[in-house]
Amino acid sequence: MAMFAIKWSFLCLACILLLRLAGAVTAPLSNCYTFDKSGHIYDFTEIAEQTFAYDGKKEADLPDLEIRFCNDVQRRSDEGYINFGHFAPFNYFVPGNGNADFVQEYYFGDLQHCEFYTNKLGRTAQVNIICGNCSNGATCKDEIGCICSVSYNSPSCRVIVELAISCGQPGPRIFQGFTVGFHPRAWEVVYNGITQWGYEEPRYGFSFGTEETKVSLYFTAIGALSKHVRKPTYTIIPENGLEVKLSGSASTGDPPTTLSPTSLDVIWRCEKAQDTPYAVNITVPIEGYPPVHFFLGKLCEYKQAIRSNNTKGWATFGLLCCILIVLSTAFCCAGFIYKTRVEHQHGLYALPGMTILAACIEVASGATNDGYSPANNINQSTWERSSVSDHVSQRVPDNKYGTVG
Ligand SMILES: *[C@@H]1O[C@H](CO)[C@@H](O)[C@H](O)[C@H]1NC(C)=O
């Protein structure tokens, strides 16, 4: 038994590992990442918050400086710490020109004495990142990297720093600007071409419930690149037990843009109940880029019947109603004619069912009037017989008028 459990857990682990390997790009765990000019991702999460210190040179009147990577830049001198800006990730961690491989901008440092220079941005810093050695060829003593040079612009309101670090291997090429979310303006699933945590591999907590039979996703892309988006495909793990259909404008490969998102409706039905969620592996091929993958989990606590076509059901119901109305009208007329011609009854009494109605009213009134009418009840409840007899059918309406009218 124990052997069996161990084997199973080992299998599960192997499965998870495989899934991890198969999932293309995992989202960086911080905002400390960027793309090179060709769109390959570089994730610097590992050295985020890392401190790079620069020892000032008294003779050149350069104070100490400290970069806390992807956080802030501080100048340190006898006057105390002066902040030269905080890391502003969006659009301010970009590929560089010339020597620099990447450029980071830090904004909103201390404002005092810099009010007029920097448009109220306070002190700012520009960090030119070089992958490898400093531009003057000097190697860093520290393996992680070092500050190569520091220079101040616009009298101590802006500092420009050259930082040499090891950038590691580039990640895959990313189709930037592409988003997938559960609303036209949302991007929970894919943000900026990167599959977000929770959707990059099957996860129990992110699964949809059994009763959720349809999920709509919305795609957006940068207008100029929208034509690269192709028709999505999917696979299901395990293969059997969940029926999936894709529909909506995105399912045919319509180009999405930022202003007009396309929609992908995932319609699913549980054919087989299962303890663990099914994983639907959706792949959006992007021309010229690696495809975008994401997983949607689906719980199947019970088997679901094939949905009957609703409109068809109502049409049948309508037709049946129609036939019923026509038939009852015909019977009513026939009964009326029969009673007037054959039984020679007139007016209301000739209407079919009138005797029944009258009998019913009598039973009701009898019961309320004296609370006791067993003989009458028996007589009138056997209306089938009594209705044929002229005697009862004549007498009953009289009674009725006596009590009601
Ligand atoms: C998801 O689908 C893609 C494309 O069909 C495939 O390459 C990938 O291996 C699949 N992932 C898993 C875990 O099955």
Side-chain angles (χ1 to χ4, degrees), residues 7-29 39-41 43 169-176 178-182 187-208 212 214-219 221 225-256 262-272 274-300:
K7 258 188 197 164
W8 258 111
S9 47
F10 183 75
L11 244 166
C12 284
L13 206 76
C15 249
I16 289 166
L17 279 176
L18 257 175
L19 290 180
R20 272 214 87 100
L21 289 177
V25 194
T26 47
L29 293 173
H40 291 268
I41 190 167
D43 185 358
Q169 289 298 309
R173 193 166 179 229
I174 302 292
F175 184 55
Q176 288 174 66
F178 182 63
T179 71
V180 178
F182 296 114
W187 41 71
E188 305 95 327
V189 183
V190 175
Y191 175 71
N192 202 17
I194 300 168
T195 305
Q196 299 297 289
W197 196 88
Y199 302 97
E200 84 287 17
E201 58 182 85
R203 278 181 203 279
Y204 191 82
F206 283 72
S207 300
F208 289 91
E212 287 177 88
K214 182 182 155 186
V215 169
S216 294
L217 295 163
Y218 296 88
F219 291 9
L225 299 173
S226 67
K227 289 215 166 59
H228 294 254
V229 181
R230 292 280 177 267
K231 195 177 143 174
T233 59
Y234 66 89
T235 55
I236 308 164
I237 312 164
E239 255 174 69
N240 297 313
L242 183 72
E243 182 196 76
V244 175
K245 275 193 211 119
L246 300 183
S247 70
S249 51
S251 73
T252 56
D254 278 5
T262 56
S263 71
L264 181 71
D265 299 328
V266 182
I267 300 158
W268 38 29
R269 186 175 65 82
C270 296
E271 286 175 329
K272 210 172 91 194
Q274 197 178 273
D275 289 340
T276 50
Y278 287 89
V280 181
N281 173 8
I282 298 181
T283 301
V284 187
I286 314 282
E287 196 189 284
Y289 295 82
V292 171
H293 292 293
F294 55 87
F295 285 93
L296 296 180
K298 168 73 166 142
L299 276 173
C300 278

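Bear in mind that the values here come from a model prediction, so they are computed numbers and not experimental data. Atoms within a ligand are numbered from 1 in the order they appear, just like the ligands themselves.
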| Out of I282, T283, N281, which residue meets the side chain to side chain contact (heavy atoms under 4.5 Å, CB included) rule with F294? | I282
| query | Counting from 1, what ligand 1 atoms have a heavy atom of F295 closer than 4.0 Å? | reply | 13 (C)
| note | If we number the atoms of ligand 1 from 1 as shown, the ones under 4.0 Å from a heavy atom of H293 are 2 (O), 3 (C), 4 (C)
| remark: Smallest heavy-atom separation, I236 atom then L242 atom, equals CD1-O, 3.5 Å
| request: Give the minimum heavy-atom separation between E201 and F295, together with the two atoms involved. | output: CA-CD1, 3.5 Å
| message | In the structure I gave you, are the side-chain heavy atoms of L296 and Y234 within less than 4.5 Å of one another anywhere? | response | no
| note | Logged contact type for I237 with ligand 1, heavy-atom cut-off 4.0 Å, is side chain
| said: Ring centres under 6.0 Å, that's the criterion: do F182 and F208 meet it? | reply: yes
| request: Looking only at distances, please establish whether an N/O atom of ligand 1 is found under 3.5 Å from an N/O atom of N281. | output: yes
| message | I need the atoms of ligand 1 closer than 4.0 Å to a non-hydrogen atom of T283, numbered in the order shown. | response | 2 (O), 3 (C), 4 (C), 5 (O)
